[in-house]
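Being a predicted model, the structure only gives us computed values, none of them experimental. So that the names make sense, note that chain A is the first sequence line, chain B the second, and so on, each numbered from 1.
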Amino acid sequence: KNQVEQSPQSLIILEGKNCTLQCNYTVSPFSNLRWYKQDTGRGPVSLTIMTFSENTKSNGRYTATLDADTKQSSLHITASQLSDSASYICVVSDRGSTLGRLYFGRGTQLTVWP
Amino acid sequence: EADIYQTPRYLVIGTGKKITLECSQTMGHDKMYWYQQDPGMELHLIHYSYGVNSTEKGDLSSESTVSRIRTEHFPLTLESARPSHTSQYLCATEPRENTKNIQYFGAGTRLSVL
């Protein structure tokens with residue numbers, strides 16, 4: 001069964017600290033994996049996207065890694081800010097075509113305290 | 001970034017009412033999607049469209065219907081709302097040539113059925 005599992009479910013950190021969010025998937029075939037940020041009451045916004053051949057991708061203070069062999073990804077946030085408080089969703093696509101479908105994780109709820 | 005507009009943002013209605021959630025986009029994207037999202041849960045695909053006059057049911061059984069008469073609009077209708085329909089509804093778009101299946105989301109409609 002194609003699944004995307006994220007951990008931890010929720011996380012609280014102090015402003016300025018770093019954190020790492022995890023994503024494990026069983027989706028096959030694999031096309032790409034992306035991380036979305038979803039602010040409360042808003043729609044998800046894409047942060048990074050990685051294909052099979054990419055093992056790291058950065059977007060400002062966000063750095064995503066991908067190990068396609070172990071089917072694991074992580075999202076590292078550096079020097080956290082209050083505005084980083086949001087849900088971070090891992091999404092895996094099973095093929096890069098018009099027939100590709102997406103598998104969503106439940107997200108990690110990150111709270112950054114001052 | 002795609003411009004996607006969902007209205008209303010919030011809606012509280014009584015059981016049995018008919019409602020239509022609006023989704024419009026200005027980017028000319030062929031593909032459009034409706035997702036349902038409960039707090040702390042993953043997004044579930046309920047309807048999608050690959051173009052005008054094309055509509056398909058998604059993975060999650062839904063009592064809603066959609067139409068795609070124009071590229072820009074993809075409204076979702078509930079003929080008789082029930083408390084079980086209380087949820088957040090997200091509309092998303094995707095351009096035709098999009099091998100990485102990146103989707104752009106609207107801000108969502110939060111529906112409460114009393």
Going from CG on A:Leu102 to CD on B:Glu94, what distance comes out if it is rounded to the nearest 0.5 angstrom?
7.0 Å

Side-chain contact, heavy-atom cut-off 4.5 Å: B:Gln103 with A:Tyr36?
yes

Please check if A:Leu33 and A:Phe104 belong to a single hydrophobic cluster, counting links between Ile, Leu, Val, Met, Phe, Trp and Tyr side chain heavy atoms closer than 4.5 Å.
no

Closest non-hydrogen atom pair, A:Pro44 against B:Leu90:
CD-CD1, 3.9 Å

Look up atom CD in B:Glu42 and atom OH in A:Tyr103, then write down how far apart they are to the nearest 0.5 Å.
12.5 Å

Can you tell which part of B:Tyr48 gets under 4.5 Å to a heavy atom of chain A, answering side chain, backbone, both or neither?
neither

Spatial distance of atom OH (B:Tyr104) from atom OG (A:Ser46) [nearest 0.5 Å]
7.5 Å

Does B:Ile69 have more than 12 heavy atoms from other residues, nucleotides or ligands lying within 6.0 Å of its CD1?
no

ILVMFWY network linking A:Tyr62 to A:Ile49, side-chain heavy atoms under 4.5 angstrom:
no

Are A:Val4 and B:Tyr35 co-members of a hydrophobic cluster defined by side-chain heavy atoms under 4.5 Å apart?
no

B:Phe105 backbone acceptor or donor facing A:Arg42 side chain under 3.5 Å
no

At a 4.5 Å cut-off on heavy atoms, which part of A:Gln38 comes close to chain B: side chain, backbone, both, or neither?
side chain

Strictly by salt bridge (charged side-chain N to carboxylate O under 4.0 Å, His left out), give each pair with a member in residues 68-78 of chain A just once, sequence neighbours left out.
none

ring-ring contact (aromatic ring centres under 6.0 Å, His included): pairs with one or both residues in residues 9-28 of chain A, sequence neighbours excluded
A:Tyr25-A:Phe30

With respect to chain A, which residue among B:Arg110, B:Met41, B:Gln37 yields the maximal number of heavy-atom pairs within a distance under 4.5 Å?
B:Met41

Between B:Leu21 and B:Leu114, is there shared hydrophobic-cluster membership here, with clusters defined by ILVMFWY side-chain heavy atoms closer than 4.5 Å?
no

With only heavy atoms counted, which part of B:Gln6 is less than 4.5 Å from chain A, the side chain, the backbone, both or neither?
neither

Residue pair B:Asp38, A:Arg106: steps toward the side chain to side chain contact (heavy atoms under 4.5 Å, CB included) verdict
CA-CA 10 Å; B:Asp38 293 319; A:Arg106 294 186 176 186; over 6 Å; no

Should A:Val27 and A:Leu75 be counted in the same cluster of Ile, Leu, Val, Met, Phe, Trp and Tyr side chains packed under 4.5 Å apart?
yes

When the 4.5 angstrom heavy-atom criterion is applied to B:Leu43 and chain A, the contacting part is both

